[in-house]
2 protein chains.
Amino acid sequence: MENSRPSSKRFLDIVSDLRTIIKEEGAVIGDKLPSERVLADRLQVGRSTIREALRSLELLGLIETRRGEGTFLADYKKHQLVEILSTFIMQNPQSLKSVDDTRRIHEKAAIECISNDPELRTLPVWESFLGKLKGIDLIIREELLQEIVVVSGNRLSLKIWFLLKQYSRVPYHEAMAEDEKEIATNLLKEMMNGNSHLAIMWYTDWLDIVIGERRGEHEC
Amino acid sequence: MENSRPSSKRFLDIVSDLRTIIKEEGAVIGDKLPSERVLADRLQVGRSTIREALRSLELLGLIETRRGEGTFLADYKKHQLVEILSTFIMQNPQSLKSVDDTRRIHEKAAIECISNDPELRTLPVWESFLGKLKGIDLIIREELLQEIVVVSGNRLSLKIWFLLKQYSRVPYHEAMAEDEKEIATNLLKEMMNGNSHLAIMWYTDWLDIVIGERRGEHEC
DNA sequence: TAAAGGATAGTGGTCTGACCACTTTAGAAT
DNA sequence: ATTCTAAAGTGGTCAGACCACTATCCTTTA
């Protein structure tokens, strides 16, 4: 910790020092870190400076603080940085199309993933969906798509998908129409048979109907 | 800004409020934000709370502060947060796999997008790459992949890809080996011919070689 | 003795006011 | 009109004081 020079941003040095401390103490996820007051004393800075560094790390999802208890090494897997970034970046209306495109990328990938995995594509949940699609039950669009993305097993992809869903133009919360049910049924069947290519085709058809998009449009 | 409830983490609310302010004022990259003291007064909180929020955003690279001048909206594209994150996360068990999988999802989507677009797949840049691949030039892996993701035209996807790239196990910064060049050449050719399916296959082969992954592994 | 209860210390969350170092600006002296 | 200087404004930091909450220990009670 060689911060002899006044580097104009002490709290950045603190962030670095904290990493060193965590490393030295061999702290593992869930472990408790020294209290703010102790850290301030040990690093010879004010408590507020320590806090600025800690709050930064908290927003990054690297630590977790519980009032009255202390500060703990967090489980990074939550990927909450994506959320923060998104709230700042996604307010650009012009990027709505890229949001839709990206969401579609993840849905396609999930369908493909399941189609190519003998275990996943034979899960009973798909039969269950087929049954519901035959009947007169109301099925919300996102029920099926969410199940697909969840089952595919990629947690980060799921997280991103959830995020994008919020900003999407596609009315996910509505129920499927009759002709949609038919297409969804075909999608499921091909997926269960392992025909990823056909499943993707039905998926594309489905979205075309929902959004009423022009086929020839430049789409990626 | 309906934070009437004392949500136990005011500084998180402030982060949200700051976004609102930025939005309302239509601030663009490089614009100056209100001073810390003004913000504290306007949001009815102490200056230290404002600072905790601002420092967090600074570590994320969303704002930039200059002593004596003020706080400014930063250019997100610098991605400086990733450096800090990576030093903390580095080797994380199965979280890394989902990062790799997700990155691959976006690369595949980009390849497919370009293959299916007559304009994009005939761009001169691909011929240029083919030429370089024939010669003895050193070609860094990410040069090609980045170009592909960029050209695909989905800015959000590109942003996510940039983020994931930094966490990846794949040595993006290294140069391609000879056998890799051959595969990359095939990939490009099929892409330029519009055979997205074959292009994807070559892409998969390529990554298998680079990572040395077992073929049979459960992958999505 | 064992369970229930309450006082206490420790922790994060916040505010205030005070400096410091630096930059910009406006006004005074030339 | 130019130059120089003082003042105002800004981020950077610190110290001390509360508050709200949690865990712990110890007394009280059944």
Side-chain angles (χ1 to χ4, degrees), chain A residues 1-18 21-22 25 27 29-75 80, chain B residues 1 3-18 21-22 25 27 29-75 80 84:
Chain A
M1 306 177 202
E2 66 296 2
N3 4 342
S4 49
R5 71 214 176 287
S7 92
S8 160
K9 303 248 178 198
R10 188 113 71 185
F11 98 95
L12 281 180
D13 298 333
I14 299 298
V15 169
S16 171
D17 290 344
L18 284 176
I21 287 181
I22 292 173
E25 302 197 344
I29 287 177
D31 281 5
K32 193 179 173 199
L33 300 181
S35 76
E36 297 178 349
R37 290 170 178 85
V38 170
L39 285 174
D41 186 60
R42 197 198 301 193
L43 297 179
Q44 287 295 295
V45 294
R47 191 182 156 212
S48 51
T49 303
I50 291 287
R51 279 186 62 81
E52 290 182 7
L54 286 177
R55 253 18 76 200
S56 300
L57 296 181
E58 182 176 4
L59 196 63
L60 283 179
L62 296 176
I63 62 175
E64 183 183 349
T65 56
R66 295 198 284 272
R67 188 200 214 113
E69 299 182 53
T71 306
F72 305 83
L73 254 193
D75 186 353
Q80 89 186 59
Chain B
M1 307 180 200
N3 359 341
S4 49
R5 73 217 176 284
S7 89
S8 157
K9 304 251 179 197
R10 190 113 71 184
F11 99 94
L12 281 180
D13 297 333
I14 299 299
V15 169
S16 171
D17 289 344
L18 284 176
I21 287 181
I22 292 173
E25 303 197 344
I29 287 176
D31 282 6
K32 192 179 174 201
L33 300 182
S35 76
E36 298 178 349
R37 290 170 177 85
V38 170
L39 286 174
D41 187 61
R42 194 195 304 191
L43 297 179
Q44 287 295 295
V45 295
R47 192 181 155 213
S48 52
T49 304
I50 292 288
R51 279 187 60 83
E52 289 182 7
L54 286 177
R55 253 18 78 199
S56 299
L57 295 180
E58 182 176 4
L59 196 62
L60 279 178
L62 295 175
I63 63 174
E64 184 182 347
T65 57
R66 296 198 282 273
R67 184 200 215 115
E69 299 182 53
T71 306
F72 305 83
L73 252 193
D75 187 349
Q80 68 204 55
I84 297 156

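As a basis for the values below, the full set of heavy atoms in this structure was taken, side chains included, without hydrogen atoms, waters or symmetry mates. Predicted model, so just to flag it, every value in this text is computed and none were measured. Throughout, protein chains are lettered first and strands after them, A, B, ... in sequence-line order, and every chain is numbered starting at 1.
Using a cut-off of 4.0 Å between Lys/Arg side-chain N and Asp/Glu carboxylate O, A:Glu58 and A:Arg55 are scored as salt-bridged.
With rounding to the nearest 0.5 angstrom, the CD1 atom of A:Ile50 is 10.5 Å from the CZ atom of A:Arg47. Atom CG of B:Leu73 sits about 13.0 Å away from atom NZ of B:Lys32, to the nearest 0.5 Å. Taking OG of A:Ser56 as the start and CG of B:Leu54 as the end, the distance is 10.0 Å to the nearest 0.5 Å.
With rounding to whole Å, B:Asp41 atom CG is found 15 Å from C:dG17 atom C1'. For the pair B:Glu36 CD and C:dT16 P, the computed distance is 15 Å after rounding to whole Å. Note: CG (B:Leu57) to C1' (D:dG11) measures 15 Å, nearest angstrom. Here C:dG17 presents its P atom at 18 Å from CZ of B:Arg51, a figure rounded to the nearest Å. In this entry the distance linking CD of B:Glu58 with C1' of D:dT10 reads 14 Å, nearest Å. Residue A:Leu33 contributes atom CG, which lies 19 Å from atom P of C:dG10 at whole-angstrom precision. Atom CG of B:Leu43 is separated from atom P of C:dC15 by 11 Å (rounded to the nearest Å). D:dG12 atom C1' lies 14 Å from atom CD1 of A:Ile50, rounded to whole Å.
Nucleic acid contact for B:Gly68: base, since at least one base atom lies under 4.0 Å from a heavy atom of the residue. Residue contacts for B:Ser48: at a heavy-atom cut-off of 4.0 Å it reaches a base atom on one of the strands shown.
Set against C:dT14, D:dC14, C:dT11, the side chain of A:Val45 has D:dC14 as its closest nucleotide. If you check C:dT14, D:dT13, C:dT11 against the side chain of A:Glu52, the one that comes closest is D:dT13. Here the nucleotide nearest the side chain of B:Arg67, chosen from C:dC15, C:dC22, C:dG13, is C:dC22. Closest to the side chain of A:Glu69, out of D:dG11, C:dT24, D:dT22, is D:dT22. For B:Ser35, counting side-chain heavy atoms from C-beta on, the closest listed nucleotide (C:dC15, C:dG13, D:dT10) is D:dT10.
No N or O donor and acceptor, one from the side chain of A:Arg55 and one from the base of C:dG12, sit under 3.5 Å apart. Evaluation of atom-type donor-acceptor distances gives no pair under 3.5 Å for the side chain of A:Arg47 against the base of D:dG16. The base of D:dG11 sits within donor-acceptor range of the side chain of B:Arg37, with an N or O pair under 3.5 Å.
A 4.5 Å side-chain heavy-atom check between B:Leu18 and B:Leu39 finds at least one atom pair inside the cut-off. Side-chain contact between A:Leu43 and A:Ile21 is present, with at least one heavy-atom pair separated by less than 4.5 Å.
Distances shorter than 4.0 Å separate some side-chain N or O of A:Thr65 from OP1 or OP2 on C:dG13. Using a 4.0 Å cut-off, no side-chain N or O of A:Thr49 falls inside it from OP1 or OP2 of D:dG12.
Nearest-nucleotide positions on DNA chain D place B:Val38 closer to the 5' end than the other of A:Gly46 and B:Val38.
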